[in-house]
Protein chains: 2
Amino acid sequence: MVSKKEHQAHSHCPLALGLDIVGDHWTLLIVRDLLFGKHEFKEFLESDEGISSNILSDRLARLQAQTVVQWIHHPQSKKRKLYYLTGKGKELIHVVVPLVRWSLKHRQGEVQIPAQRAAALQQGPEQFIRSTLQALAEWESAHGIDAMGTHTRL
Amino acid sequence: MVSKKEHQAHSHCPLALGLDIVGDHWTLLIVRDLLFGKHEFKEFLESDEGISSNILSDRLARLQAQTVVQWIHHPQSKKRKLYYLTGKGKELIHVVVPLVRWSLKHRQGEVQIPAQRAAALQQGPEQFIRSTLQALAEWESAHGIDAMGTHTRL
DNA sequence: TAACTTTACTTGCATTATGCAAGTATTCTG
DNA sequence: CAGAATACTTGCATAATGCAAGTAAAGTTA
């Protein structure tokens, strides 16, 4: 790992404990990619924000250590890995979506979203969450992953 | 300010734009304090996580620049400032609460909450949000602040 | 009213984390 | 078998953070 993050000042506040895991600039962006259909290292690298490979590697390792992310071998390739969110990871959608909505409301001039996702958001947050999780569940069953936690309510 | 944060890779993703504002280790903890009744510099310093004063000062300045936070003079003192959340800031409760709930579910062994807040959470998230915002609205009207945005739905 | 304390900061310096370019070890592809 | 792709790691410069100390204005106490 690139760092130790020694200074976790060990609060028992649930918010602080959550931020220990997702409270940096990159982690939630990786979770976003995983929620919206990306699964490979190179795909995360290609996202607009331009994460560097050492940071990506580090964050994936941390997310695995926290059982937020796991991976399987690519069915067609020994070298490629397919990362995916655990049930715990998928439940972060309930944090991601409100932050997206907050930005849409308060930074609307600067935001751009793929038309398809904008349309899905029109259906309202609950429906958006449902269909996003449904897509993940289908991917999982197509890859032989035991899809526990599809019906996450948090 | 302590830094310039040059490297904001200017994505147009709403999540990334949101994280530009609240995506560091400290900002949401300050927002939490503001949501739950703290208003002064020293009170933020006293929180369990132990933020240092230079970082606190920097984050408060950024939050003001983003119109998430504002302040008034303490009615009994010329030197003291009372910080408070704008409507935009208060709406971050819809991000904070889900992350709190996520931690309560997934890091339950490590979490401790003041009994009063745990009880309030028992009422369900919507009611918890309502009563938290209600308390802020009362503080605001007690301090002559025009309480726009009490009924935030995001 | 002089001395002490409080508040909201700033400054300086050591330590950590990040960004970037390059390198590496497998694995696949033509 | 030569070259490209994938998932990393390494090294080094730069930026952010932690910590201790300092400061200026205001308030409090003797």
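Order of the sequence lines fixes the chain letters, A, B, ..., with proteins taken first and strands second; residue numbering starts at 1 for each chain. All values reported here derive from a predicted model rather than from experimental measurement.
Glu138(A) is linked by a side chain to side chain donor-acceptor pair (under 3.5 Å) to Gln134(A), counting only residues two or more places apart in sequence or in another chain. For Ser52(B), the side chain to side chain contact (heavy atoms under 4.5 Å, CB included) test picks out Asn54(B), Ile55(B), with sequence neighbours left out. For Ser47(B), the side chain to side chain contact (heavy atoms under 4.5 Å, CB included) partners two or more places apart in sequence, or in a different chain, are Arg32(B), Asp33(B), Lys38(B), Glu49(B). By the ring pair (Phe, Tyr, Trp, His ring centres under 6.0 Å) test, His143(B) is found to be paired with Trp139(B), residues two or more places apart in sequence or in another chain being considered. With sequence neighbours left out, the side chain to side chain contact (heavy atoms under 4.5 Å, CB included) criterion links Ser77(A) to His74(A), Lys79(A), Arg80(A). Taking Tyr83(A) as the reference, nothing meets the side chain to side chain donor-acceptor pair (under 3.5 Å) condition, with sequence neighbours excluded.
Rounded to whole Å, atom C1' of dG19(C) lies 14 Å from atom CG of Asp24(A). Separating the CD1 atom of Ile55(B) from the C1' atom of dT16(C) is a distance of 12 Å, rounded to the nearest angstrom. Leu56(B) has its CG atom 15 Å from the C1' atom of dC19(D), to the nearest Å. As a whole-Å value, the separation of His74(A) NE2 from dT26(C) P is 21 Å. Here dT17(D) presents its P atom at 11 Å from CD1 of Ile30(B), a figure rounded to the nearest Å. In this entry the distance linking CH2 of Trp26(A) with C1' of dC20(C) reads 12 Å, nearest Å. Atom CD1 in Ile51(A) sits about 11 Å away from atom C1' in dG19(C), given to the nearest Å.
Residue Trp71(B) has no polar side-chain atom (N or O) positioned under 4.0 Å from OP1 or OP2 of dT7(C). The phosphate of dA16(D) has neither OP1 nor OP2 within less than 4.0 Å of any side-chain N or O from Arg62(B).
For residues 111-129 of chain B, the side chain to side chain donor-acceptor pair (under 3.5 Å) pairs, not counting sequence neighbours, are Gln127(B)-Arg130(B).
In the set dT17(D), dG18(D), dG19(C), dG19(C) carries the atom at the smallest distance from any side-chain atom of Ser52(A).
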I'd like a table of atom pairs between the protein and nucleotides 6-10 of chain D - only N or O on both sides, under 3.5 Å - with the distance next to each one.
from: dT6(D); atom 1: OP1; to: Lys42(A); atom 2: NZ; distance (Å): 2.6
from: dT6(D); atom 1: O4'; to: Lys79(A); atom 2: NZ; distance (Å): 3.2
from: dA7(D); atom 1: OP1; to: Lys81(A); atom 2: N; distance (Å): 3.0
from: dA7(D); atom 1: OP2; to: Lys42(A); atom 2: N; distance (Å): 3.3
from: dC8(D); atom 1: OP1; to: Lys81(A); atom 2: NZ; distance (Å): 3.0
from: dC8(D); atom 1: OP2; to: Tyr83(A); atom 2: OH; distance (Å): 2.1
from: dT9(D); atom 1: OP2; to: Ser57(A); atom 2: OG; distance (Å): 2.7
from: dT9(D); atom 1: O4; to: Ser53(A); atom 2: OG; distance (Å): 2.8

Listing time: all N or O pairs from protein to nucleotides 28-30 of chain D that are below 3.5 Å?
none

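The aromatic rings of Trp71(B) and His73(B) sit perpendicular to each other, their planes meeting at more than 60°, with 30° as the lower class boundary.
Using a 3.5 Å distance cut-off with no hydrogens or angles, the side chains of Glu140(B) and Tyr84(B) do not pair a donor with an acceptor.
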